[in-house]
Amino acid sequence: MVFPGLAERVADVRAKIAAAVARGGHGQQVTIVAVTKTHGPEAARAAYEAGLHDVGENKVQEALKKMAAVDVPVRWHLIGHLQRNKVKALEQFVLLHSLDSPRLADAACEFGIARGRAVDVLVELNLSGEASKGGYTLSDLLPEAERLVSLSGIRVRGVMTMASFSATESQLHRTFAEAREAREELIAAGHPAEELSMGMSSDYEIAVEEGATLVRLGTILFGARDK
Ligand SMILES: *Cc1c(COP(=O)(O)O)cnc(C)c1O
């Protein structure tokens, strides 16, 4: 077994998610996206065998290489920045979590129209104000939400955000609640935005309390990354 103890860790995380859903009171279903970046294809295979059928990668090249070596039918999620000249790679992913600019939205839309099927995306929000993180600010979101309605080649399925690593527990609650409220704005603008992708290894329980439907977990499942 390549990742010893993975099945037990998955069971533990699932129990913690169930408890967090109960505490938070949002009653949502939560999907674990197993983040396999920097690990080999065996991580995706191990995830699948442990019952995690959704796998996340943050780099397109690494993801495509891994996909070619993975023989189990996982659903691939792209969770990192996508360059506009690589939108064709979206064909291989069920969901782009990181729609982070109007220009990328236009490019993804063009690709969706060309292939005859809209691309499912989440709007990435930068709520922490950190310049190192991508995404729309809250004030950019509203006008963009209205513009995105007219882009028939993409379907805006919700919101993704990353909290600051240095945030306190109460700041994390506030950030994740803001993301939930931003999803309401997307719904009000007419988007089928039921997903909230938030929560990583260090903060997923708080994210789930605030309504997360997709948690992106790497370290807690596969151990520390050395790259
Ligand atoms: C790496 C990564 C994760 C997983 O982080 P962990 O702390 O290892 O759980 C989640 N989301 C994104 C966007 C990432 O790049």
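In this chain, numbering begins with 1 at the start of the sequence shown. In listed order, ligands and their atoms are each counted from 1.
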**Q** Taking the side chain as everything from C-beta on, heavy atoms only, tell me whether Val156 gets closer than 4.5 Å to Leu122.
**A**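 Val156 vs Leu122: side chains apart.
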**Q** With only distance considered, is Val35 within less than 3.5 Å of ligand 1 through an N or O on each side?
**A**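 So ligand 1 has no N or O lying under 3.5 Å from an N or O of Val35.
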**Q** For the residue pair Trp76 and Lys66, establish whether any side-chain heavy-atom pair is separated by less than 4.5 Å.
**A**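 In short, these two side chains touch, coming nearer than 4.5 Å.
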**Q** Does Phe93 have Lys88 sitting over its ring (NZ/CZ under 6.0 Å from centre, angle to axis within 45°)?
**A**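 Verdict for Phe93: no cation-pi partner in Lys88.
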**Q** State the atoms of ligand 1, each with its element, that fall below the 4.0 Å cut-off from a heavy-atom position in Gly218.
**A**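 In order of numbering, the contacting atoms are 4 (C), 6 (P), 8 (O), 9 (O).
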**Q** So which bit of Leu217 gets within less than 4.0 Å of ligand 1, heavy atoms only: side chain, backbone, both or neither?
**A**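 For Leu217, only backbone atoms sit under 4.0 Å from ligand 1.
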**Q** Is there a nitrogen or oxygen of Ser202 sitting under 3.5 Å from a nitrogen or oxygen of ligand 1?
**A**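 No - when backbone and side-chain N and O of Ser202 are compared with those of ligand 1, no distance drops under 3.5 Å.
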**Q** So, does Ser197 use its side chain to make a donor-acceptor pair with the main chain of Met160 at under 3.5 Å?
**A**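 Side chain of Ser197 to backbone of Met160, a donor-acceptor pair under 3.5 Å: no, none is there.
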**Q** What protein heavy atom is closest to atom 9 (O) of ligand 1, reported as residue, atom name and distance in Å?
**A**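 Sorting protein heavy atoms by distance from atom 9 (O) of ligand 1 puts Ser201 OG, 2.5 Å first.
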**Q** Would you say His97 contacts ligand 1, with heavy atoms under 4.0 Å as the rule?
**A**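 The answer is no: ligand 1 sits nowhere under 4.0 Å from a heavy atom of His97.
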**Q** As an exercise, state the distance from CD of Glu144 to OG of Ser101, rounded to the nearest 0.5 Å.
**A**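 Here the rounded value is 8.5 Å.
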**Q** Do the rings of Phe222 and Phe3 sit parallel, tilted or perpendicular, given the 30° and 60° boundaries?
**A**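 Perpendicular, since the angle between the ring planes exceeds 60°.
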**Q** Starting from atom 12 (C) of ligand 1, which protein heavy atom do you reach first, and at what distance in Å?
**A**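 Checked against all protein heavy atoms, atom 12 (C) of ligand 1 sits closest to Ile79 CD1, 3.5 Å.
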**Q** Heavy atoms only: which of Lys37, Lys59, Arg216, Met200 lies closest to atom 14 (C) of ligand 1?
**A**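 Among Lys37, Lys59, Arg216, Met200, the closest heavy atom to atom 14 (C) of ligand 1 belongs to Lys37.
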**Q** Distance to 0.1 Å, residue and atom name: give those for the protein heavy atom nearest to atom 8 (O) of ligand 1.
**A**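 For atom 8 (O) of ligand 1, the nearest protein heavy atom comes out as Thr219 OG1, 2.5 Å.
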**Q** Side-chain donor-acceptor pair under 3.5 Å between Glu124 and His97, yes or no?
**A**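 No pair is found: no donor N or O on one side chain lies under 3.5 Å from an acceptor on the other.
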**Q** Would you say Ile220 contacts ligand 1, with heavy atoms under 4.0 Å as the rule?
**A**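 Checking ligand 1 against Ile220, which is what was asked, there is no heavy-atom contact under 4.0 Å.
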